[in-house]
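These notes concern the structure reproduced below.
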Amino acid sequence: VMRESYASEKDSGFKTVKPELGRVVVIGGAGKLGMLFVRMFRLSGYQVDILEQGDWDKADALFANAGLVVVSVPINLTETIIAKLGRLPKDCVLADITSIKNKPLQAMLTAHEGPVVGLHPMFGPDVGNLAKQVIVCCDGRGKAQYQWLLEQMQIWGARIYDVDAKQHDEAMTLIQALRHFTTFVYGAHLAEENPDIQQLLDLSSPIYRLELAMVGRLFAQDPTLYADIILASDNNIAMIRRYAERFMQAADMLERKDKAGFINSFETVSDWFGDYSTQFLQESRNLLLQANDNRQF
Ligand code: NAD
């Protein structure tokens with residue numbers, strides 16, 4: 001119900017939380033995620049300018065009237081582009097929506113003396129609307145001056161989650177880097193083994209169908225985004241190494257036909273999940289039922 005009400009509100013426009021704001025400038029606003037934010041700001045009554053690759057000669061003129069500048073460029077260019085922003089009006093809010101947070105936030109704090117906030121939308125450009133979508137928020141400075149922006153995004157339906165930038169990056173090692181890596185490797189493995197996908201689908205249980213969809217959808221997207229997310233930190237690579245070692249240890253255990261060892265470590269993991277494992281069983285049951293109902297091919 002909530003999702004539908006937001007969908008209809010999106011067509012008619014959203015309340016403008018800060019009507020007196022100057023212009024919004026979205027750097028990289030013709031890109032996939034930038035475009036979504038451009039649309040949301042326009043639907044909320046703001047005047048939005050897009051600053052793209054060839055537009056830097058106009059940058060000073062655009063910034064002169066800006067009340068908010070949002071950086072939405074490829075991860076590996078983010079710090080460089082922030083460093084060359086030049087002068088922004090003192091009260092202008094500087095924000096970014098990069099998938100990593102600490103380095104861009106530090107760069108923004110260096111580049112601008114006014115209010116700064118790091119945002120990480122925990123969704124991709126393919127969401128229909130922002131209802132219940134999480135946007136991670138890392139304070140830079142001047143929270144009172146960018147509070148309106150958080151309220152605006154809440155009006156879009158988003159849930160704001162405050163976290164320290166370094167803690168965010170550590171959590172993303174698991175939530176993004178390792179997740180995308182294992183998906184990538186499973187896809188690479190499938191491509192090498194070369195099974196008949198249609199037959200896998202025909203024979204699959206709902207959970208395997210869902211897994212195949214989760215893996216397959218990665219490969220319909222932009223490889224540089226995922227490369228940059230994984231390569232963003234050496235901690236990500238170290239985490240991937242530890243995972244790979246555990247993979248091999250488990251494979252060795254099974255090669256030794258060590259069934260007791262398998263059951264033993266299964267129980268250790270089960271204890272670690274504690275009450276969450278039954279909670280997850282419950283939650284995923286509904287997901288799997290829905291996935292099965294929504295089968296498209
Ligand atoms: P994208 O490649 O679609 O968009 C980037 C845009 O930046 C492009 O339009 C490009 O032309 C522009 N650009 C490149 N160099 C520029 C320059 N020098 N000056 C101005 N503009 C320049 O990438 P995207 O997926 O939209 O990602 C943008 C940001 O959003 C990244 O920081 C990414 O981490 C973040 N993000 C993306 C997703 C996602 O799923 N796509 C999710 C969360 C966060």
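Keep in mind that this is a model prediction, so the values were computed, not measured. Counting starts at 1 for both ligands and their atoms, in listed order.
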Checklist line | Heteroatom proximity flag, P121 to ligand 1, N/O under 3.5 Å | finding: no
Next item on the list: For N236 and T173, test the side chains for any donor-to-acceptor distance below 3.5 angstrom and give the result as yes or no.
Entry: yes
Note to self: Judged on heavy-atom distance to atom 20 (C) of ligand 1, which of E52, Q176, K84, M35 sits nearest?
What the structure shows: E52
Margin query: Tell me if a side-chain donor or acceptor on Q221 pairs with a main-chain N or O of R217 at a distance below 3.5 Å.
Written below: yes
Check: Will you find, in the side chains of Y46 and Q152, an N or O donor that is under 3.5 Å from an N or O acceptor?
Finding: yes
Note to self: Any salt bridge linking D162 with K143? Criterion: basic side-chain nitrogen under 4.0 Å from a carboxylate oxygen.
What the structure shows: yes
Next item on the list: State the atoms of ligand 1, each with its element, that fall below the 4.0 Å cut-off from a heavy-atom position in P125.
Entry: 39 (C), 40 (O), 41 (N)
Next item on the list: Measure the acute angle between the ring planes of F262 and F266, then classify it against the limits of 30° and 60° as parallel, tilted or perpendicular.
Entry: tilted
Item checked: Within reach of ligand 1, part of L225 (heavy-atom separation under 4.0 Å) -> side chain
Check: Looking at L51, which atoms of ligand 1 are within less than 4.0 Å of one of its heavy atoms?
Finding: 20 (C), 21 (N)
Check: Taking N or O atoms only and a 3.5 Å limit, does S99 qualify as a polar contact for ligand 1?
Finding: yes
Notebook entry, point to check: Counting from 1, what ligand 1 atoms have a heavy atom of F123 closer than 4.0 Å?
Noted result: 42 (C), 43 (C)
Margin query: Quick test of your reading of the model: are D49 and R23 salt-bridged, counting only N-O distances below 4.0 Å?
Written below: yes
Check: Does a side chain donor of either D202 or Q198 reach within less than 3.5 Å of an acceptor in the other side chain?
Finding: yes
Check: What are the atoms of ligand 1, with element, lying closer than 4.0 Å to any heavy atom of L77?
Finding: 15 (N)
Note to self: Does any N or O of ligand 1 fall below 3.5 Å from an N or O anywhere on Y226, backbone included?
What the structure shows: no
Next item on the list: May I ask you to list the atoms of ligand 1 that are less than 4.0 angstrom from any heavy atom of T98?
Entry: 32 (O), 34 (O)
Margin query: Name the residue from M153, K18, E20 that meets the side chain to side chain contact (heavy atoms under 4.5 Å, CB included) definition with W148.
Written below: K18
Check: Relative to atom 17 (C) of ligand 1, which among V70, T78, I81, V73 owns the nearest non-hydrogen atom?
Finding: I81
Item checked: Heavy-atom nearest neighbour of atom 23 (O) of ligand 1 within options H120, K32, Q221 -> K32
Check: atom 28 (C) of ligand 1: which protein heavy atom is closest, and how many Å away?
Finding: S72 OG, 3.5 Å
Check: Quick one: NZ on K132 to CZ on R159, what's the gap to the nearest 0.5 Å?
Finding: 6.0 Å
Next item on the list: Show which atoms of ligand 1 fall inside a sub-4.0 Å distance from at least one heavy-atom site of A30.
Entry: 9 (O)
Check: Any salt bridge between D96 and K101, counting N to O under 4.0 Å?
Finding: yes
Notebook entry, point to check: Which ligand 1 atoms does G124 reach within 4.0 Å, using its non-hydrogen atoms?
Noted result: 40 (O)
Check: Hey, are S277 and W272 close enough side-chain-wise for a donor-acceptor pair under 3.5 Å?
Finding: no
Item checked: I229 and its side chain to side chain contact (heavy atoms under 4.5 Å, CB included) partner, picked from T98, I100, T224, I75 -> I75
Next item on the list: Among all protein heavy atoms, pick out the one at the shortest distance from atom 4 (O) of ligand 1; state its residue, atom name and that distance to 0.1 Å.
Entry: G31 CA, 3.2 Å
Next item on the list: Return the residue, atom name and 0.1 Å-rounded distance of the protein heavy atom closest to atom 26 (O) of ligand 1.
Entry: L33 N, 2.8 Å
Check: Which residue supplies the protein heavy atom nearest to atom 19 (N) of ligand 1, what is that atom called, and how far is it?
Finding: W56 NE1, 2.9 Å
Next item on the list: Out of N76, I97, V71, indicate the one that has the non-hydrogen atom closest to atom 30 (O) of ligand 1.
Entry: I97
Notebook entry, point to check: Among protein heavy atoms, which sits nearest to atom 14 (C) of ligand 1, and what does the distance come to when rounded to 0.1 Å?
Noted result: Q53 CG, 3.5 Å
